[in-house]
Structure formats: C-alpha cells, structure tokens
Amino acid sequence: MRDGTVLRADAWLPDSGKPVPAILSRTPYDRTLGLTPVAALDPERAVAAGFAMVCQDVRGQHGSEGAFTPFESEGPDGHDSVEWVAARDWCNGRVAMAGRSYAAATQWRAALEQPEHLAAIFPVVVGCDPYDGWLYSGGAFELGFNLFWVHLMADPKSRSSLDESYSHLPLVNPPLLEESPAGDVYREWLAHPAYDDHWRRLSPRGRHDRVQVPVFNVGGWFDIFLGGTIENYGSIPGSRLLIGPWAHGSAFGPYPDHAFKEFGEDSKIDLAELQLAFFGQHLSGREAMDEAPVRLFVMGENRWRDEPAWPLARAEVERWYLQPDGRLTREASGPGNEPDEFDYDPRDPAPTIG
C-alpha cells in the first residue's frame with residue numbers, strides 16, 4: 001500500500017499466458033477459507049470465462065499486515081489494490097470488484113476513491129452507511145449485531161461468552177471483549193452515537209456522484225442491509241438491482257444450488273453467471289446484458305419478475321395501522337380502540353433473535 005503496508009492475496013489465472021481482465025475481492029474473513037463463500041465468485045468459473053480472480057485479506061486481517069479498523073482504510077487500500085492488480089503483467093489493465101457484505105462495502109469505499117483502472121463493481125447484501133442501518137438503527141446501538149460481528153472478526157472460533165456479554169452492563173465493557181484488541185473498535189463505535197463527521201467520511205451517502213463505474217446491486221428481502229442496498233441503487237443513475245428471497249447469511253450459499261426450500265426451484269438464481277455477464281460487458285466489451293435493470297423475487301407469488309425501476313411507478317402508497325389485538329387496519333385508533341403501551345426496562349432487556 002502507499003504507506004508500505006503489505007496486504008496478501010491469492011490469484012487464479014487463465015493458463016493462456018495472455019493479459020486478461022481481473023476481478024478483485026477484498027475480505028476480512030480469511031481469503032484461504034475458500035473463495036466462493038468469502039468472495040462470491042468461484043475462481044474456476046471466473047478463469048474459464050477469461051478473467052483473473054484475486055482474493056485479498058484486508059489490512060490487519062489474517063495474512064495481511066497492519067491494524068484492522070473496520071471501514072477506516074478500505075478507501076485508500078482499495079484504490080491501491082485495484083491499481084496494483086492492474087499493473088500485473090497478467091492483467092490487461094481492466095479491474096472489477098466483487099464480494100458480499102463487508103467485501104461489498106470495500107467496493108464502495110474503493111469506488112469513491114476513483115482508481116483509474118476500476119471498471120465495474122458488483123456489491124452483494126451491503127448497506128449504504130456504516131452508521132445508519134449497520135452499527136446503529138434509528139440512533140439505537142445495534143448491540144446484538146455489533147457484539148457478534150466484532151467478535152466474529154477478532155476471534156471467530158470462540159462463541160463461549162456471547163450470551164453473557166449481551167446482558168452485561170455497562171455496554172462499554174462486555175466480558176467478551178475484555179482482552180480482545182477488537183474491544184477498542186467496539187468502544188469507538190459507542191463513542192460516536194450521533195451521525196457526525198467520523199461516520200460521514202466513511203460513507204457513500206451524499207457522495208454517490210463520485211462513483212463513476214457501472215454498479216450491479218444485489219439484496220435480499222430479509223437482509224438486514226436491504227434499505228441501504230436500495231438506497232445505493234437509487235443513488236447511481238443507470239445502476240442495476242436484484243432482490244431475492246434471502247436473509248443476510250442465506251445469500252452466502254453456493255449458487256445456483258441455494259434456495260429457500262419453501263419457495264421451490266423457481267427461487268434459485270445463478271449469481272455467478274450474472275456477475276460474469278456483467279463483468280464481460282464492462283471489462284471485455286462482450287454483448288450487453290439484455291435483462292431489465294431491476295429483477296425482483298415476488299413474495300407470495302414466489303416467482304421472479306423484471307421491472308424498469310424501483311420503486312415501481314405504478315405503486316400506490318397506503319397508510320395502515322397496527323391495532324392492539326394484532327390486526328392491521330386502514331383506520332387509525334379511535335374511541336374504544338386505544339393504542340397499547342409497554343414499559344421498557346434496560347436492566348431487563350429483550351434478547352436479540354435476529
């Protein structure tokens with residue numbers, strides 16, 4: 001990197017010996033665990049389609065040097081990594097980025113830096129902003145997610161004290177992180193409970209106009225980051241959007257074999273095929289994709305449907321009200337139908353179930 005830090009990567013190359021376009025994925029979850037669950041694209045399929053595939057450990061994680069602070073260095077490191085790949089003698093100077101979740105966030109941060117040789121990105125199940133809808137939700141600290149995630153990145157093999165930490169007060173000293181270097185990262189998140197400059201400089205929000213490459217966004221109806229995925233799509237003119245019947249973790253299954261069994265065979269989709277077609281168009285000048293810009297899995301009908309845009313122009317907004325007996329009605333609460341109330345006691349919190 002520009003500061004001399006060494007980040008390590010594995011590269012899969014076609015054996016033609018000719019320079020080819022490259023697909024880069026940057027992950028905090030250990031590049032050696034197997035590329036498909038980590039980076040979202042099978043390297044054998046990428047190589048067979050005429051691409052080089054590169055998977056890199058981000059700064060401070062696993063094989064890479066430096067200290068890991070989530071989101072912090074992904075912009076400059078992403079820029080430098082794209083340019084490093086582009087300069088290899090096996091690359092023709094055209095680079096795309098792929099990956100899910102955090103490996104999708106690294107794509108947005110790199111794209112904001114406008115590396116010269118970045119040609120396209122394909123972010124899967126990721127939010128728009130690290131504060132709003134990720135580490136905080138409506139201003140509330142996402143304790144269930146944050147403790148799990150910071151521990152996953154710091155010590156993924158240990159699960160022993162998660163339950164104890166969820167119920168521990170004060171929040172700044174959970175037993176799980178007493179001796180973990182990740183504790184400083186977690187406390188930094190708590191130290192910024194409002195949307196301040198600390199978060200703004202790490203976010204694409206308000207800066208999407210800096211992204212000058214084609215974007216294919218993928219989300220899931222049950223994914224925790226769906227709102228941010230849709231916001232990213234709507235902020236980039238001409239971008240594409242796919243939303244399937246997936247939760248965050250279930251979007252990590254091997255395609256095309258993965259689907260919610262309740263929805264049957266029609267819920268499957270070959271995400272690798274879509275990525276390779278998208279990258280082929282924008283890195284290799286291959287035939288443009290003929291699908292509509294938006295593809296949705298329609299819940300209830302349990303089928304895929306193509307649309308020209310989202311939100312749908314023909315959609316009608318209706319206001320519905322939750323009643324004390326659990327019903328949804330179009331009538332607001334009135335006489336004899338007063339809203340329910342409940343007391344919240346932070347000393348006896350409701351545990352997360354998601």
Side-chain angles (χ1 to χ4, degrees), residues 1-5 7 24-29 56-61 64-84 95 97 99-118 121-143 145-146 149-150 153-154 172 181-213 215 217 224-225 227-237 239:
M1 301 296 102
R2 64 190 66 180
D3 64 356
T5 301
L7 308 188
L24 169 66
S25 187
R26 309 187 60 248
T27 179
Y29 300 124
Q56 179 194 68
D57 289 329
V58 300
R59 179 182 294 252
Q61 290 294 88
S64 292
E65 297 176 356
F68 178 58
T69 302
F71 311 108
E72 189 69 38
S73 63
E74 308 307 355
D77 283 357
H79 173 284
D80 294 355
S81 298
V82 167
E83 295 304 301
W84 182 90
V95 182
M97 296 186 73
R100 301 181 174 100
S101 195
Y102 192 90
T106 65
Q107 299 176 53
W108 284 110
R109 293 281 285 123
L112 291 172
E113 300 290 321
Q114 299 182 336
E116 178 183 354
H117 294 93
L118 183 64
I121 61 175
F122 201 108
V124 178
V125 290
V126 71
C128 174
D129 188 279
Y131 173 84
D132 183 23
W134 191 313
L135 302 174
Y136 286 80
S137 182
F141 189 67
E142 286 278 10
L143 178 66
F145 176 83
N146 293 341
W149 186 48
V150 75
M153 291 185 292
V172 293
D184 292 338
V185 170
Y186 170 85
R187 283 183 282 274
E188 179 76 3
W189 296 342
L190 276 170
H192 294 273
Y195 194 66
D196 55 17
D197 288 341
H198 171 79
W199 299 114
R200 289 188 188 93
R201 64 187 177 83
L202 301 176
S203 174
R205 178 173 288 157
R207 297 191 293 160
H208 281 97
D209 60 339
R210 289 189 53 80
V211 178
Q212 300 295 310
V213 298
V215 182
N217 303 276
I224 54 177
F225 297 131
T229 297
I230 293 174
E231 182 177 344
N232 285 330
Y233 157 75
S235 301
I236 305 287
S239 64

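Excluded from the calculations below are hydrogen atoms, water molecules and symmetry mates; all remaining heavy atoms, backbone and side chain alike, are included.
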- Evaluate the side-chain proximity of Pro123 to Asn217: yes if any heavy-atom separation is below 4.5 Å, no if none is. yes
- Side chain to side chain, Pro193 and Phe141, heavy atoms closer than 4.5 Å: no
- Query: Only one of Gln114, Arg109, Glu113, Glu116 forms a side chain to side chain contact (heavy atoms under 4.5 Å, CB included) with His79, so which one is it?
  - Reply: Glu113
- Message: Is the shortest side-chain heavy-atom distance between Leu7 and Glu65 below 4.5 Å?
- Response: no
- Message: Go through it in stages, so that I can follow the logic: the residues are Asp3 and Arg59, the test is salt bridge (charged side-chain N to carboxylate O under 4.0 Å, His left out), and I'd like the CA-CA distance, side-chain angles, deciding distance and then a yes or no.
- Response: CA-CA 12 Å; Asp3 64 356; Arg59 179 182 294 252; 2.9 Å; yes
- Message: Could you work out, with ring-ring contact (aromatic ring centres under 6.0 Å, His included) as the rule, every residue matching His117, not counting sequence neighbours?
- Response: none
- Message: Closer than 3.5 angstrom, by distance alone: can the side chain of Arg207 be matched with the main-chain N or O of Arg201 as a donor-acceptor pair?
- Response: yes
- Item | Side-chain donor/acceptor of Ser64 to backbone N/O of Gly60, under 3.5 Å | no
- Note on the structure: Across all chains, not counting sequence neighbours, the salt bridge (charged side-chain N to carboxylate O under 4.0 Å, His left out) partners of Glu83 are none
- Examine distances only and state if a side-chain atom of Tyr131 and a backbone atom of Leu202 form a donor-acceptor pair shorter than 3.5 Å. no
- Query: Under the 3.5 angstrom rule, does the side chain of Trp199 hit a backbone N or O of His192 as a donor-acceptor pair?
  - Reply: yes
- Message: Taking the side chain as everything from C-beta on, heavy atoms only, tell me whether Asp77 gets closer than 4.5 Å to Gln56.
- Response: no
- Message: Using a 3.5 Å distance criterion without hydrogens, assess whether the side chain of Arg100 forms a donor-acceptor pair with backbone atoms of Val125.
- Response: no
- Task: May I ask you to test the Pro130-Pro70 pair for a side-chain heavy-atom distance under 4.5 Å?
- Result: no
- With a 4.5 Å limit on heavy-atom distance, are the side chains of Trp149 and Leu135 in contact? yes
- Task: For Phe225, check ring-ring contact (aromatic ring centres under 6.0 Å, His included) against everything at least two apart and list the hits.
- Result: Trp134, His248
- Pair Glu74 + Arg26, salt bridge at N-O below 4.0 Å: yes
- Task: Say whether, by atom type as modelled, one donor and one acceptor occur between the side chain of Ser239 and the main chain of Tyr233 under 3.5 angstrom.
- Result: yes
- Taking atom types as modelled, find out whether Asp129 and Ser203 have a side-chain donor-acceptor pair closer than 3.5 angstrom. yes
- Thr5 (side chain) donor-acceptor with Gly66 (main chain) under 3.5 angstrom: no
- Message: Ring centres under 6.0 Å, that's the criterion: do Phe71 and Tyr102 meet it?
- Response: yes
- Heavy-atom donor-acceptor pair, Tyr136 side chain to Trp189 backbone, under 3.5 Å: yes
